[in-house]
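Note that the numbering runs from 1 along the sequence shown for the chain. In this text the structure is predicted, and so the values were computed from the model without any measurement. Order of appearance sets the numbers: ligands from 1, and atoms from 1 within every ligand.
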Amino acid sequence: MKKKWWQRAVVYQVYPRSFQDSNGDGVGDLRGVLQRLPYIKKLGVDVIWLNPIYKSPDKDNGYDISDYRSIQPKFGDMKVFDQLLAEMHRLGMKIVMDLVVNHTSDQHEWFKQSRLSRDNPYRNFYIWRDGKNGHAPNNWGSYFGGSTWEYDKKTEQYYLHLFAKGQPDLNWENPAVREQVWKLMRFWLNKGVDGFRMDVINFLSKAAGLPDAPNPENSEYANVEPMVADGLKLNDYLHEMNEKVLSHYDVMSVGEMPSSTPKDALQYTGLDAHELNMVFQFDHVTLALNDDPRLGKWNDQPIKLVDLKKALSKWQVALDGKGWNSLYWNNHDRARAVSRFGNDSPQYRELSAKMLATTLHMMQGTPYIYQGEELGMTNAYFNRLEEYKDIESIEAYHQIVDHEKIVDHDTMMRYLAMESRDNARTPMQWDDSINAGFTTGKPWLKLNKNYHEINAKAELKDQQSVFYYYQKLINLRHQSDLIVYGNYVELNPDDNEVFAYKREYQGQVLLVISNFTSKQISRHFEVPTTKSRLIANYDDDQGDRLRPYETKVYAY
Ligand code: TEU
């Protein structure tokens, strides 16, 4: 396989509104990112993925775009974006933008036109249907509660929105829609942007005829995902995107693909697929689904290690030599890694954060570090509904507690404390000054109260910090073909306490051993005396004895 720059790269995800505020309005902005580039550079990453920065009414924190070619005023303007891009490139870093083209904002000019009349030239930019017996065209449930259909009085039809009603889905069957998307992609690529993360890109091709979804639980609304994920025409659309745009630039593309399987992914990212470079798959981040299917992700149960290992190993093996994995524990939509997969108690937070980082970064694929993960930042554990700002969390609370009365307030607040997307969106913790140095104004979202103890300033002074541990992992990847290109063999898959696997490349071997428990346990692995310990989260090596959350990597 021809080697590509993004195979050795490590990506840092910046959620701009929570990263650094430079003008005291309580919202992070692009000048703030510019000010913090030296910090990101020091970590050693190669690429920065910026969550959406385009003009937006902010119904879904920028994932509802009203103008793809202008910057959200609260983040700055195109001038400061150009400065940021130039400085990132001067520092030897690339920038990946967030491409949100499954849907637009209802304030986008295309939708404003589309809803004016049934014969408007933009009508078929979106998905409009007649109702059925005075109701929505089908039983699909929105990710943000309620139906995926919104009735529009003026033209007496419903339009489709998989997410909020302010996020109408584009009609990708319309070649004019695709042409407009190619144009807006070229606009950013011609400015020098180095690639895209593509939002729910596997939802573009909806089930023909938009039929009802299976609804075995007889819920008020059915799970829409089986009707929109990995649809029949998706390959055609991605192939056209590659042919018309991506293949003309040396750029990186990663598709966010909820519920895609390795088989699907190989169609889109296989080395000869000529579509995308890699996918964000969801298997390992959807393991904690509630036993009650009406509750979906809302749960506070721990994840069984054997299930986690199975999910990650499946992708490592399936794509080895055929495609390319993205490696991530969390992002702006997920709980904080150390709270969901590790142990965020004061005693074990740092140890388990380093253990999680090692387990993931020694795998085959491109690692993605979500802002604050390199500090071991934790869930916020808000305990009042008013503290939450995320549309998904608030809508879920009202649907599940008030409307369907499935669980009570206290239970749902426990679920939110574990799984709300706001856990990842609390402002970056820079130091122990007011508002953690994030803003001199009123932060748009409450800070995590532990910023006095967990912050970048403290970690930059401590060579044993999680920050410097991530810096070492990134440095190891940059220097090692074994880490980048080695194959993957899981050891002891049924072991529910230890995650162990081997990587092999041109006669070199890496052995990764991680204790996922707070217990002192013992495991024996055959390793030659010539082995070296590449990285570990304990100073000494006690052989078969594994201390709480101990991780170590042998090379030989
Ligand atoms: O998320 C897609 C997606 O699947 C989400 O519904 C995610 O699974 C869920 O929020 C987890 O609880 C993308 C963006 O990452 C997300 O921020 C947007 O809200 C969503 O698409 C709509 O654009």
Side-chain angles (χ1 to χ4, degrees), residues 11 13-18 49-54 56-66 68 96-106 108 140-146 148 160-170 196-204 221 223-230 254-260 279-290 295-300 326 328-337 340 368 370-371 379 388-397 399-400 412 415-425 445:
V11 183
Q13 180 189 353
V14 169
Y15 193 68
R17 74 186 60 230
S18 300
W49 156 26
L50 270 188
N51 285 99
I53 55 171
Y54 320 98
S56 160
D58 258 1
K59 300 272 178 53
D60 182 20
N61 285 12
Y63 279 92
D64 49 318
I65 296 167
S66 54
Y68 288 94
V96 161
M97 302 282 275
D98 214 315
L99 185 71
V100 187
V101 289
N102 172 70
H103 48 273
T104 69
S105 161
D106 61 351
H108 194 288
W140 297 1
S142 158
Y143 282 94
F144 296 160
T148 57
L160 179 70
H161 60 87
L162 300 186
F163 295 94
K165 64 182 178 194
Q167 295 172 287
D169 279 57
L170 282 166
F196 294 107
R197 173 266 186 186
M198 301 185 188
D199 192 62
V200 288
I201 202 72
N202 67 323
F203 285 3
L204 301 183
Y221 299 104
N223 174 14
V224 66
E225 207 147 295
M227 311 307 284
V228 298
D230 304 299
V254 50
E256 184 203 29
M257 300 200 171
S259 77
S260 287
V279 304
F280 280 128
Q281 56 84 14
F282 277 51
D283 284 353
H284 64 302
V285 293
T286 53
L287 290 168
L289 296 181
N290 200 294
L295 292 170
K297 66 179 254 188
W298 302 109
N299 198 0
D300 60 353
S326 64
Y328 73 102
W329 284 125
N330 50 192
N331 54 39
H332 62 292
D333 288 337
R334 318 292 338 172
R336 285 278 177 185
R340 199 65 184 92
Y368 290 72
Y370 178 63
Q371 68 179 46
N379 273 10
Y388 289 97
K389 295 281 183 279
D390 174 27
I391 183 171
E392 180 191 57
S393 302
I394 295 163
E395 292 299 325
Y397 177 93
Q399 180 80 17
I400 290 168
M412 191 61 192
Y415 292 167
L416 289 175
M418 177 53 90
E419 288 290 2
S420 169
R421 304 193 299 181
D422 278 331
N423 282 305
R425 302 174 179 187
L445 177 67

(message) Closer than 4.0 Å to some heavy atom of His103 - which atoms of ligand 1 meet that?
(response) 22 (C), 23 (O)
(request) Give the residue and atom name of whichever protein heavy atom lies nearest to atom 8 (O) of ligand 1, and the separation in Å to one decimal. (result) Phe282 CE2, 3.4 Å
(message) Quick test: of every protein heavy atom, which one is nearest to atom 9 (C) of ligand 1, and how far off is it to 0.1 Å?
(response) Glu392 OE2, 3.3 Å
(message) Suppose I only count heavy atoms of Tyr143 and a 4.0 Å limit; which atoms of ligand 1 are within that range?
(response) 6 (O)
(message) Just by distance, no angles: are the side chains of Asn51 and Gln13 close enough, under 3.5 Å, to form a donor-acceptor pair?
(response) yes
(request) Evaluate the ring planes of Phe203 and Tyr143, with Trp represented by its six-membered ring, and classify them as parallel (under 30°), tilted (30 to 60°) or perpendicular (over 60°). (result) parallel
(message) Among all the protein's non-hydrogen atoms, which is closest to atom 18 (C) of ligand 1, and how far away is it?
(response) Asp60 OD2, 3.3 Å
(message) Check contact between Glu225 and ligand 1, using heavy atoms of the residue and a distance below 4.0 angstrom.
(response) no
(request) Might you point out which heavy atoms bring Pro16 and Leu50 nearest each other, and give the distance in Å? (result) CG-CD2, 3.8 Å
(request) Report yes if some N/O of Glu256 lies less than 3.5 Å from some N/O of ligand 1; otherwise report no. (result) yes
(request) Apply ring pair (Phe, Tyr, Trp, His ring centres under 6.0 Å) to the pair Tyr328 and Phe280, showing each step before the final yes or no. (result) CA-CA 8 Å; Tyr328 73 102; Phe280 280 128; 5.2 Å; yes
(message) Below 4.0 Å from ligand 1: does a non-hydrogen atom of Arg334 turn up there or not?
(response) yes
(message) Run the salt bridge (Lys or Arg N to Asp or Glu O under 4.0 Å) test on Lys59 and Asp64 for me, step by step, so that the C-alpha distance in whole Å, both residues' side-chain angles and the decisive distance to 0.1 Å come before the verdict.
(response) CA-CA 7 Å; Lys59 300 272 178 53; Asp64 49 318; 5.5 Å; no
(message) Looking at every non-hydrogen atom in both residues, tell me the closest pair between Pro168 and His161 and how far apart they are.
(response) CA-CB, 4.1 Å
(request) Of the side chain and backbone of Arg425, name the one, both, or neither that has a heavy atom under 4.0 Å from an atom of ligand 1. (result) side chain
(message) Quick one: does any side-chain atom of Asn379 pair with a main-chain N or O of Arg336 as donor and acceptor, under 3.5 Å?
(response) yes
(message) If we only consider heavy atoms of Lys59, is any one of them less than 4.0 Å away from an atom in ligand 1?
(response) no
(message) If the cut-off is 4.0 Å to any non-hydrogen atom of Arg421, which atoms of ligand 1 fall inside it?
(response) 10 (O), 16 (C), 17 (O), 18 (C), 19 (O)
(request) Quick one: look up the protein heavy atom nearest atom 6 (O) of ligand 1 and list residue, atom name and how far away it is. (result) Phe163 CE2, 3.5 Å
(request) Please determine if Arg421 and Asp60 form a salt bridge, counting it only when a charged side-chain N lies under 4.0 Å from a carboxylate O. (result) yes
(request) Have a look at ligand 1 and work out which part of Phe144, if any, has a heavy atom under 4.0 Å from it: side chain, backbone, both or neither. (result) side chain
(message) So if I count the atoms of ligand 1 from 1 in the order they appear, which ones are less than 4.0 Å from some heavy atom of Tyr63?
(response) 14 (C), 17 (O), 18 (C), 23 (O)
(request) State whether the side chain of Ser142 and the backbone N or O of Ala164 hold a donor-acceptor pair below 3.5 Å, judged by distance alone. (result) no
(message) Could you identify the single nearest non-hydrogen protein atom to atom 12 (O) of ligand 1 and state the distance to 0.1 Å?
(response) Lys297 NZ, 2.4 Å
(request) Tell me which protein heavy atom sits closest to atom 4 (O) of ligand 1, plus the residue, atom name and distance to 0.1 Å. (result) Pro258 CG, 3.5 Å
(message) So if I apply the side-chain contact (heavy atoms from CB on, under 4.5 Å) rule between Pro52 and each of Tyr68, Tyr15, Tyr63, which one comes out positive?
(response) Tyr63
(message) Closer than 3.5 angstrom, by distance alone: can the side chain of Asp422 be matched with the main-chain N or O of Tyr388 as a donor-acceptor pair?
(response) no
(request) Among all protein heavy atoms, pick out the one at the shortest distance from atom 13 (C) of ligand 1; state its residue, atom name and that distance to 0.1 Å. (result) Asp199 OD1, 2.8 Å
(request) Can you pull out the closest protein heavy atom to atom 7 (C) of ligand 1? Residue, atom name and distance to 0.1 Å, please. (result) Asp333 OD2, 4.0 Å
